[in-house]
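This structure is a prediction, so every number in the text was calculated from the model and none was measured. Just so it is clear: chains get the letters A, B, ... in the order the sequence lines come, proteins before strands, and each one is counted from 1.
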There are 2 protein chains.
Amino acid sequence: MAGRTAGEGVREIPEATVARLPVYLRALTGLADDGITTCSSEELALVAGVNSAKLRKDLSYLGSYGTRGVGYDVDYLRYQIAREIGVTQDLPVVIVGIGNLGHALANYSGFRSRGFRVVALLDADPTRHGEVVAGVEVRAFDDLEAIVREHDVAIGVIATPASAAQDVADRMVACGISSVLNFAPAVIAVPEGVDVRKVDLSIELQILAYHEQRKSHGAGERMEAAQ
Amino acid sequence: MAGRTAGEGVREIPEATVARLPVYLRALTGLADDGITTCSSEELALVAGVNSAKLRKDLSYLGSYGTRGVGYDVDYLRYQIAREIGVTQDLPVVIVGIGNLGHALANYSGFRSRGFRVVALLDADPTRHGEVVAGVEVRAFDDLEAIVREHDVAIGVIATPASAAQDVADRMVACGISSVLNFAPAVIAVPEGVDVRKVDLSIELQILAYHEQRKSHGAGERMEAAQ
DNA sequence: TAGATTGTTAATCGATTAACAATC
DNA sequence: TAGATTGTTAATCGATTAACAATC
């Protein structure tokens, strides 16, 4: 149930840490872009938006890549984190559903720059086929299997309406895709061994709404620091 | 630091529970659409994608809205959760940055159907001004303050490039916006009392990549259920 | 009354944090 | 050597879960 049973040092990295590694990676890239070659856990934590104790604890799961009294080499740490995540070379991705969101995703430069390559855009609507988005031609959903086989695609992105999401997920799984990023506002069921992550735009807004409501009530204290 | 000090029954709902309330709300809406008027915690948990113990524990923070031996009235529970979140009437939202993602967000029907109203679309690029997206005219970023004042906007959405995000956030905060949903791939700093939630498309993909990598290594066990 | 299901308790698990010994 | 900063320990905190008494 917990995947591989430990044993020969297959480091078990906590899920909360895994979710922050990409944040550190981005922060390090930002530092490197600014010409900074070395940083302390304090400095990196600041730009990553976490506290330094948490950062050091997180990094300790990967190994000892810092130097006491000195800090971390930006490029070296960046490579180690990228290696740990597995984004040192481009991973092929397919996007299904080329509506507004699919367009945005296809054009999203952050995929390319962070180790992903959009190898295909698929849509069920035949009138969309042949259209070129972000340099990639929109193809029929039925081409999924051939594309997955050709490019050895392991990650699929669902950007369809909610009603189509489960069907798309089933087809992806049947083709051998084992990681799914789901933007459709629907819970999808997948077999054991397949990972699903869900991004839900309106849920994030609702969480904000909850806190917003709490602020305006109970008029006791108000925003203390107004910058 | 923990906001209002308890006292006269200002229920303190755990953050993890708050994040799931919108999920329950959506699940209940789905059940209602299917004509289901009553459900058990087991049934609701199934469609929400959580286990029933967690669901009941979460709902217990809101009050006692179920009936032992019977279950929950779908419409009643739905109303209670919506009231708790604060989305019983439309909350005004502004979106800044009308690129691909901004377009997708403006057209996203889930906002409207879940208690949010996009009152303005703003972009720094003058060539975009006047364009109508999803029935709303794109206006100048400088109009932000007037719009926030006119519609009493409390929630802002940032869909700009990373380089503009901090500046947009500063301007939003200066206008009195106290909740920000940030889609730009950048950490933004805001004063105490302002909430920020961040949606990062490439981070989600990277988390999937990490698990994907782990699957292909250690060839020990494989996907047991292939559906 | 018997069966069903909630709401709550308590145990467990995992994540965060402060503090500091190790060490550059 | 003195100063700085990592990597780790241990304490704390919060979230999850199973179990079951309460009660419809």
Side-chain angles (χ1 to χ4, degrees), chain A residues 1-3 6 9 11-24 27-28 31 36-74 76-78 80-81 84 207 210-211, chain B residues 1-3 6 9 11-24 27-28 31 36-74 76-78 80-81 84 207 210-211:
Chain A
M1 194 132 287
R11 288 179 286 262
E12 205 46 67
I13 300 185
E15 201 48 43
T17 296
V18 170
R20 282 187 295 265
L21 291 181
V23 177
Y24 302 152
L28 286 165
L31 291 177
I36 295 168
T37 59
T38 296
C39 68
S40 67
S41 62
E42 200 68 54
E43 292 161 337
L44 180 55
L46 186 74
V47 291
V50 301
N51 75 50
S52 65
K54 191 189 282 181
L55 170 71
R56 288 198 304 278
K57 180 79 176 158
D58 284 340
L59 294 183
S60 76
Y61 291 111
L62 312 193
S64 292
Y65 296 132
T67 306
R68 289 165 201 243
V70 177
Y72 301 92
D73 181 275
V74 170
Y76 180 62
L77 183 57
R78 186 160 58 136
Q80 292 299 340
I81 294 177
E84 193 69 40
I207 295 170
Y210 172 82
H211 292 295
Chain B
M1 193 130 286
R11 288 179 285 263
E12 205 46 66
I13 300 185
E15 199 48 43
T17 297
V18 169
R20 282 187 295 264
L21 292 181
V23 177
Y24 301 153
L28 286 164
L31 291 177
I36 296 168
T37 59
T38 295
C39 68
S40 66
S41 61
E42 200 68 54
E43 291 161 338
L44 180 55
L46 185 73
V47 290
V50 302
N51 75 51
S52 66
K54 191 189 283 182
L55 171 70
R56 288 199 302 277
K57 180 80 176 157
D58 283 340
L59 294 183
S60 76
Y61 291 112
L62 313 193
S64 291
Y65 297 132
T67 306
R68 289 166 200 242
V70 177
Y72 302 91
D73 182 274
V74 170
Y76 181 61
L77 183 58
R78 185 161 58 137
Q80 293 299 340
I81 294 177
E84 191 70 39
I207 294 170
Y210 172 81
H211 292 294

Trainee: Does any part of the side chain of A/Tyr24, heavy atoms only, come nearer than 4.5 Å to the side chain of A/Leu77, both counted from C-beta?
Mentor: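 No, too far: nothing below the 4.5 Å cut-off.
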
Trainee: Under the rule for side-chain contact (heavy atoms from CB on, under 4.5 Å), what residues qualify as partners of B/Val23, not counting sequence neighbours?
Mentor: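 Here the qualifying residues are A/Ile203, B/Ala48.
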
Trainee: To the nearest 0.5 Å, tell me how far A/Leu59 CG sits from A/Glu84 CD.
Mentor: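 Reported value, rounded in 0.5 Å steps: 10.5 Å.
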
Trainee: To the nearest 0.5 angstrom, please state how far the CG atom of A/Leu44 sits from the CG atom of A/Leu28.
Mentor: 5.0 Å

Trainee: Using both pair distances under 3.5 Å as the test, note the stems of at least 3 consecutive Watson-Crick or G-U pairs that include DNA chain D.
Mentor: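 For DNA chain D the paired stretches long enough to count as stems (3 pairs minimum) are C:3-24 with D:3-24.
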
Trainee: Could you state the atom-to-atom distance from CG of B/Leu55 to P of C/dT6 in whole Å?
Mentor: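 Taking atom P of C/dT6 as the reference, CG of B/Leu55 is at 8 Å.
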
Trainee: Determine, stepwise, if the pair B/Tyr65 / B/Tyr76 fulfils ring pair (Phe, Tyr, Trp, His ring centres under 6.0 Å).
Mentor: CA-CA 8 Å; B/Tyr65 297 132; B/Tyr76 181 61; 5.7 Å; yes

Trainee: With a 3.5 Å distance limit and no angle check, can you tell me whether A/Ser40 reaches the backbone of A/Glu43 through a side-chain donor-acceptor pair?
Mentor: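 At least one qualifying donor-acceptor pair exists.
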
Trainee: Go nucleotide by nucleotide along DNA chain C from the 5' end; which of A/Gly69 and A/Lys54 gets its closest nucleotide reached first?
Mentor: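 In this pair, the answer is A/Lys54.
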
Trainee: Could you list the residues that satisfy side-chain contact (heavy atoms from CB on, under 4.5 Å) with A/Val18, not counting sequence neighbours?
Mentor: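 Counting only residues at least two positions away or on another chain, A/Val18 forms a side-chain contact (heavy atoms from CB on, under 4.5 Å) with A/Ile13, A/Glu15, B/Ile207, B/Tyr210, B/His211.
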
Trainee: Counting C-beta onward and ignoring hydrogens, is there a side-chain heavy-atom pair between A/Leu21 and A/Leu62 closer than 4.5 Å?
Mentor: yes

Trainee: For A/Asp58 and A/Thr17, which I'm curious about, is there any donor-acceptor pair between the side chains at under 3.5 Å?
Mentor: yes

Trainee: Enumerate the residues from residues 41-48 of chain A whose closest heavy atom to DNA chain D is under 4.0 Å, giving them by residue number; use none for an empty result.
Mentor: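 Within residues 41-48 of chain A, the residues near DNA chain D are A/Ser41.
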
Trainee: Please state how far atom CD1 in A/Ile13 lies from atom P in C/dA15, giving the value in whole angstrom units.
Mentor: 12 Å

Trainee: Just how far, in rounded Å, is C1' of C/dC24 from CG of A/Asp73?
Mentor: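 For the pair A/Asp73 CG and C/dC24 C1', the rounded distance is 15 Å.
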
Trainee: Could you tell me the separation between the CD atom of A/Glu12 and the P atom of C/dG14, rounded to a whole number of Å?
Mentor: 10 Å

Trainee: Going by side-chain contact (heavy atoms from CB on, under 4.5 Å), name the residues that satisfy it together with B/Ser52, two or more places apart in sequence or in a different chain.
Mentor: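 If we apply the side-chain contact (heavy atoms from CB on, under 4.5 Å) test to B/Ser52, skipping adjacent residues, the hits are B/Ser41, B/Glu42, B/Ala45, B/Arg56.
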
Trainee: Mind listing the N/O atom pairs, protein and nucleotides 7-11 of chain C, below 3.5 Å?
Mentor:
unit_1, atom_1, unit_2, atom_2, d
C/dG7, OP1, B/Tyr65, N, 3.3
C/dG7, OP1, B/Gly66, N, 2.9
C/dG7, OP1, B/Gly66, O, 3.4
C/dG7, OP2, B/Tyr72, OH, 2.8
C/dG7, O4', B/Arg68, NH2, 3.1
C/dG7, N7, B/Arg56, NE, 3.0
C/dG7, O6, B/Arg56, NE, 3.2
C/dG7, O6, B/Arg56, NH2, 3.0

Trainee: For A/Leu46, enumerate each residue passing the side-chain contact (heavy atoms from CB on, under 4.5 Å) test, keeping only those at least two apart in sequence or located in another chain.
Mentor: none

